[in-house]
Amino acid sequence: MQVDTASLAREFEATGGDGTPAYERIKRVISDRIRTGKWGEGERLPSEHQLVAALGISRMTVNRALRELADSGAIVRSMGVGSFVAETRAVSPLLEVRNIADEVQRRGHRHSTRLISLAAEDADDRPFAADSMTDRVYRSVIVHFEDDTAIQLEDRLVNPALVPEYLQQDFTSSTPNDYLSRVAPLTRTQLVIEAVLPTDEQAAVLGIESHEPCLQIRRSTWSAEGLVSVVRLTQPGARSRLEGGFDS
């Protein structure tokens with residue numbers, strides 16, 4: 001791939017000045033080029049050696065940036081061949097990310113929320129893994145109600161680098177899903193669904209007994225810029241169900 005080293009260097013330098021680590025700045029430059037179409041789907045990226053020479057930084061730093069971009073689904077790396085811009089992945093209707101407020105209202109009922117916490121947390125305090133995010137994350141814990149019945153406990157980690165104003169939002173008037181879909185449009189999602197018994201704390205918040213089974217959904221969502229959010233949704237089994245399908 002022909003590398004315009006001067007252009008790359010200028011874009012990299014423009015991301016400096018705010019104390020952002022070099023590997024995050026590299027990710028930002030590459031993500032911007034992919035987002036704007038400067039580097040298209042399937043196009044080969046500059047090699048690690050070329051990036052080191054163009055940006056004047058260590059190979060270890062470049063490697064970390066490329067590894068995290070691959071983890072987020074933005075690029076694909078092939079041993080001995082190189083790194084390539086990933087193909088855009090459409091979200092399957094079966095895995096559609098829906099706004100719970102809209103679902104409740106479609107059923108003719110009233111949706112409301114109770115905000116338990118909204119704050120920045122260090123990596124060591126994370127309740128579940130989000131390793132591709134920065135060392136500090138934003139976390140919101142919210143209970144969703146259908147009329148006066150708790151139907152979902154939403155425990156969400158958000159990438160502050162991509163959603164810097166998350167902590168300033170009023171999530172009693174709109175949901176995190178609604179806000180994130182506007183500021184960081186979804187390009188990829190991954191789900192893990194399992195049956196679990198709630199912790200004592202979860203059971204108390206949901207108003208159920210600790211022996212009542214729950215459906216737990218762990219969902220990671222990405223935008224074109226990288227991993228945006230990891231959320232753990234806990235729903236009482238007797239109050240929830242999954243629906244889906246597709247047309248051939």
Side-chain angles (χ1 to χ4, degrees), residues 91-131 133 137-160 163 166-182 184 186 189-222 227-246:
V91 179
S92 165
L94 184 61
L95 303 181
E96 181 182 358
V97 178
R98 297 176 179 174
N99 185 358
I100 189 170
D102 294 338
E103 291 186 355
V104 171
Q105 290 162 7
R106 275 197 296 269
R107 292 194 288 265
H109 296 164
R110 175 176 52 85
H111 171 266
S112 61
T113 62
R114 178 161 64 91
L115 179 64
I116 295 177
S117 64
L118 178 63
E121 293 190 357
D122 293 328
D124 292 342
D125 297 327
R126 298 177 192 180
F128 44 94
D131 295 334
M133 291 186 187
V137 297
Y138 293 155
R139 182 185 178 193
S140 59
V141 182
I142 296 170
V143 187
H144 294 273
F145 292 84
E146 183 164 351
D147 294 333
D148 296 320
T149 301
I151 59 170
Q152 184 184 89
L153 173 60
E154 173 187 322
D155 194 343
R156 184 183 295 271
L157 305 180
V158 173
N159 190 340
V163 195
Y166 188 76
L167 297 184
Q168 282 72 57
Q169 306 311 305
D170 178 7
F171 292 125
T172 61
S173 61
S174 67
T175 66
N177 178 277
D178 180 56
Y179 175 68
L180 293 174
S181 67
R182 288 186 280 108
L186 171 69
T189 186
Q190 184 178 64
L191 293 179
V192 176
I193 304 171
E194 58 185 340
V196 300
L197 289 176
T199 65
D200 290 341
E201 181 181 6
Q202 290 170 337
V205 167
L206 290 168
I208 60 176
E209 299 294 333
S210 58
H211 59 77
E212 293 186 45
C214 290
L215 186 67
Q216 193 166 89
I217 303 168
R218 181 170 182 258
R219 183 175 69 215
S220 303
T221 53
W222 288 260
L227 180 63
V228 173
S229 169
V230 180
V231 62
R232 183 175 61 186
L233 308 172
T234 305
Q235 304 177 178
R239 304 173 190 170
S240 60
R241 67 179 182 181
L242 293 179
E243 296 181 353
F246 67 93

L233 vs I100, side chain to side chain contact (heavy atoms under 4.5 Å, CB included): CA-CA, chis, key distance, verdict: CA-CA 11 Å; L233 308 172; I100 189 170; over 6 Å; no
Side-chain heavy atoms of [X] within contact of [Y], under 4.5 Å:
| X | Y | value |
| --- | --- | --- |
| S220 | W222 | yes |
| R139 | D155 | yes |
| V205 | R114 | yes |
| R156 | L180 | yes |
| N159 | V228 | no |
| Q202 | C214 | no |
| T175 | H111 | yes |
| R219 | N177 | yes |

Apply side-chain hydrogen bond (donor to acceptor under 3.5 Å, both in side chains) to D170 and T172, showing your working. CA-CA 6 Å; D170 178 7; T172 61; 2.5 Å; yes
With sequence neighbours left out, the residues meeting salt bridge (Lys or Arg N to Asp or Glu O under 4.0 Å) with D148 are R110
How long is the gap from [atom1] on [X] to [atom2] on [Y], to the nearest 0.5 Å?
| X | Y | atom1 | atom2 | value |
| --- | --- | --- | --- | --- |
| F145 | I151 | CZ | CD1 | 9.5 Å |
| E154 | I142 | CD | CD1 | 5.0 Å |
| R106 | N99 | CZ | CG | 8.5 Å |
| H109 | D147 | NE2 | CG | 5.5 Å |
| L191 | R218 | CG | CZ | 11.0 Å |
| L206 | Q235 | CG | CD | 9.0 Å |

Can you pull out every salt bridge (Lys or Arg N to Asp or Glu O under 4.0 Å) where at least one residue sits in residues 173-182? Sequence neighbours excluded, please. D178-R182
Just to verify, what does F171 make a ring-ring contact (aromatic ring centres under 6.0 Å, His included) with, not counting sequence neighbours?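 Applying ring-ring contact (aromatic ring centres under 6.0 Å, His included) to F171 gives Y166.
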So with a 6.0 Å cut-off around CD of Q168, is the heavy-atom count from everything else above 12?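 Yes, because the 6.0 Å sphere around CD of Q168 holds more than 12 heavy atoms from other groups.
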Is it true that, when you exclude E201 itself, more than 12 heavy atoms of the residues, nucleotides or ligands shown sit nearer than 6.0 Å to its CD? no
Please report the closest heavy-atom contact between P198 and I208, naming both atoms and the distance.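 Nearest pair, atom of P198 first, then I208: CG-CD1, 4.0 Å.
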Taking every non-hydrogen atom, the tightest pair across S140 and P176: OG-CG, 4.4 Å
